[in-house]
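Before any comments, here is the structure.
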Amino acid sequence: MELIHRGKVRDVYADGDELILVASDRVSVYDVVLPTPVPDKGKILTQLSLWWFEQLAGIIPNHVVSATDVPDEWAGRAIRCRRLTMLPVEWIARGYLTGLGLKEYEKNGTVSGITLPGGLVDASRLPEPIFTPTTKATEGHDEFITYADVVNEIGADTAARLKDVTLEIYERGAALAAERGIIIADTKLEFGRAADGTLVLGDEVLTPDSSRFWPADAWEPGRPQHSLDKQFVRDWSSTLDWDRTPPGPAVPQDVVDATRARYIEVYERLTGRTWTS
């Protein structure tokens, strides 16, 4: 096997015609990898993604070949996948207004070119979920683009299909999570094309690294929410005298422990399974 890409969290190895996607315990905030890992994080992301791929089967094919046919050293945190040519768009669905979407709305009343009602505040529920794509930056930060930009980039048919799929995945996931007392505020997806041209869901899906999860019983618009995701680490880092450029700050043990506990909680509440590392 050959290491062909090392991302902020995942390492990708080539194994013949297939890939091995390995989720590490690394944590990144503001596109900077922090020096302190969170134990079991990669396994939780992998196992939760696998569970979601099962729940979402039938919407669109996914990249999973096997969750078990992987090297023993990566058992539980690796997936054998199909090779895909990834599309140059971050496919984001939002059901609530927060984060960068809120900042964009506060500037001009829109997100990704979509005009939203006036008077919305942090964590407001939107009238209906919206598709708010961004660029997929190899350096720097992703930036909002419009649906028209996506059409220009990949064509009208592909853009329309994947916009619909993105919203369907979000809506189905949000409905299932709501039954378990969790709000999925937003999520980011990635798609690619298989060798035969088929559109395929790749990377991860509806995890605490790619989505915002809030306890439904604590939701209160107009203030930051109790997060069950990576936002907790972002919030901690914002209390520091750090300019959000490398090197990232070391994470204290209490923040590591609280982050791990949040990831486990959301895994257990969504899947109904007890986490065993």
Side-chain angles (χ1 to χ4, degrees), residues 1-28 31 33 37-92 135-139 142 153-155 157-159 161-162 165-166 168-170 172-173 187-211 263 267 270-271 273 275-277:
M1 282 186 296
E2 176 190 0
L3 177 66
I4 59 173
H5 177 69
R6 171 155 286 174
K8 292 187 289 290
V9 173
R10 286 171 177 77
D11 300 330
V12 183
Y13 292 83
D15 188 16
D17 293 335
E18 297 170 339
L19 299 177
I20 306 293
L21 188 65
V22 184
S24 74
D25 292 337
R26 298 190 295 269
V27 181
S28 72
D31 297 315
V33 177
V38 173
D40 292 329
K41 175 177 175 285
K43 290 184 178 181
I44 296 167
L45 295 180
T46 298
Q47 296 307 311
L48 185 55
S49 283
L50 288 167
W51 182 82
W52 276 118
F53 283 131
E54 292 178 0
Q55 310 309 310
L56 302 169
I59 296 178
I60 190 171
N62 63 64
H63 68 165
V64 177
V65 173
S66 174
T68 56
D69 183 16
V70 298
D72 290 344
E73 65 191 289
W74 298 325
R77 68 171 64 245
I79 302 174
R80 180 175 293 276
C81 306
R82 288 192 274 176
R83 284 181 180 261
L84 304 177
T85 301
M86 302 306 292
L87 297 174
V89 176
E90 299 281 9
W91 303 82
I92 298 172
T135 59
K136 188 187 292 185
T138 55
E139 294 183 3
D142 299 336
E153 183 75 29
I154 64 173
D157 290 346
T158 301
R161 166 67 174 146
L162 292 182
V165 167
T166 297
E168 185 175 356
I169 288 173
Y170 171 77
R172 187 180 296 188
T187 197
K188 176 184 73 175
L189 304 172
E190 295 200 33
F191 299 96
R193 286 192 182 275
D196 63 1
T198 302
L199 291 169
V200 179
L201 174 63
D203 198 47
E204 61 184 324
V205 59
L206 295 170
T207 72
D209 269 19
S210 65
S211 316
Y263 277 57
Y267 170 86
L270 287 172
T271 68
R273 301 169 181 170
W275 175 254
T276 55
S277 58

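- Once rounded to the nearest 0.5 Å, the distance linking CD1 of Ile92 with CD of Glu190 reads 10.0 Å.
- In this structure, Cys81 and Val65 approach most closely via the heavy-atom pair C-CG2, 3.6 Å.
- Residues satisfying the side-chain contact (heavy atoms from CB on, under 4.5 Å) criterion with Ser210, sequence neighbours excluded, are Thr187, Glu204, Thr207.
- Of all heavy-atom pairs spanning Ile59 and Val165, the tightest one is CG2-CG1, 4.0 Å.
- Of the possible donor and acceptor atoms, one in the side chain of Gln47 sits under 3.5 Å from a partner among the backbone N and O of Gly76.
- Taking all atoms of both residues into account, the shortest heavy-atom contact from Ser24 to Val9 is OG-O, 2.6 Å.
- Nearest heavy-atom pair, Ser66 versus Thr68, reported as atom, atom and distance to 0.1 Å: OG-N, 3.1 Å.
- Contact of the Ile60 side chain with the Phe191 side chain is registered, since non-hydrogen atoms from C-beta on lie closer than 4.5 Å.
- For Lys188, there are no salt bridge (Lys or Arg N to Asp or Glu O under 4.0 Å) partners two or more places apart in sequence or in a different chain.
- The shortest distance between side-chain heavy atoms of Leu19 and His63 does not fall below 4.5 Å.
- Across all their heavy atoms, Thr198 and Pro61 have their closest contact at CG2-CG, 4.1 Å.
- A salt bridge is defined here as a Lys NZ or Arg NE, NH1 or NH2 lying under 4.0 Å from an Asp or Glu carboxylate O, and Asp196 with Arg82 fails to meet this definition.
- For the salt bridge (Lys or Arg N to Asp or Glu O under 4.0 Å) test, residues two or more places apart in sequence or in another chain that qualify with Asp209 are Lys41.
- No side-chain heavy atom of Pro88 sits less than 4.5 Å from a side-chain heavy atom of Thr135.
- Trp52 places a side-chain heavy atom less than 4.5 Å from the side chain of Leu270.
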Give the intermediate values and the outcome of side-chain contact (heavy atoms from CB on, under 4.5 Å) for residues Leu56 and Asn62.
-> CA-CA 9 Å; Leu56 302 169; Asn62 63 64; over 6 Å; no
Run the side-chain contact (heavy atoms from CB on, under 4.5 Å) check on Leu206 and Gln55 step by step: do they pass?
-> CA-CA 11 Å; Leu206 295 170; Gln55 310 309 310; over 6 Å; no
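- Within the 4.5 Å cutoff, side-chain heavy atoms of Leu199 are placed close to those of Leu87.
- Legend: residues meeting side-chain contact (heavy atoms from CB on, under 4.5 Å) with Thr271, ordered by chain and number and at least two apart, are Leu48, Trp51, Tyr267, Arg273.
- Rounding to the nearest 0.5 Å gives a distance of 11.5 Å between CD1 of Ile44 and OG of Ser49.
- Every salt bridge (Lys or Arg N to Asp or Glu O under 4.0 Å) that Glu168 has, sequence neighbours left out, goes to Arg172.
- Taking CG of Asp69 as the reference point, atom CG of Asp15 lies at 8.0 Å (rounded to 0.5 Å).
- Taking the side chain as every heavy atom from C-beta outward, Pro71 and Met1 approach each other to under 4.5 Å.
- The shortest distance between side-chain heavy atoms of Arg26 and Asp11 falls below 4.5 Å.
- Smallest separation of non-hydrogen atoms from Ala14 and Ile4: CB-CG2, 3.9 Å.
- Arg83 meets the salt bridge (Lys or Arg N to Asp or Glu O under 4.0 Å) test with no other residue; sequence neighbours excluded.
- Using a 4.5 Å heavy-atom cutoff, the side chains of Leu189 and Leu162 are not in contact.
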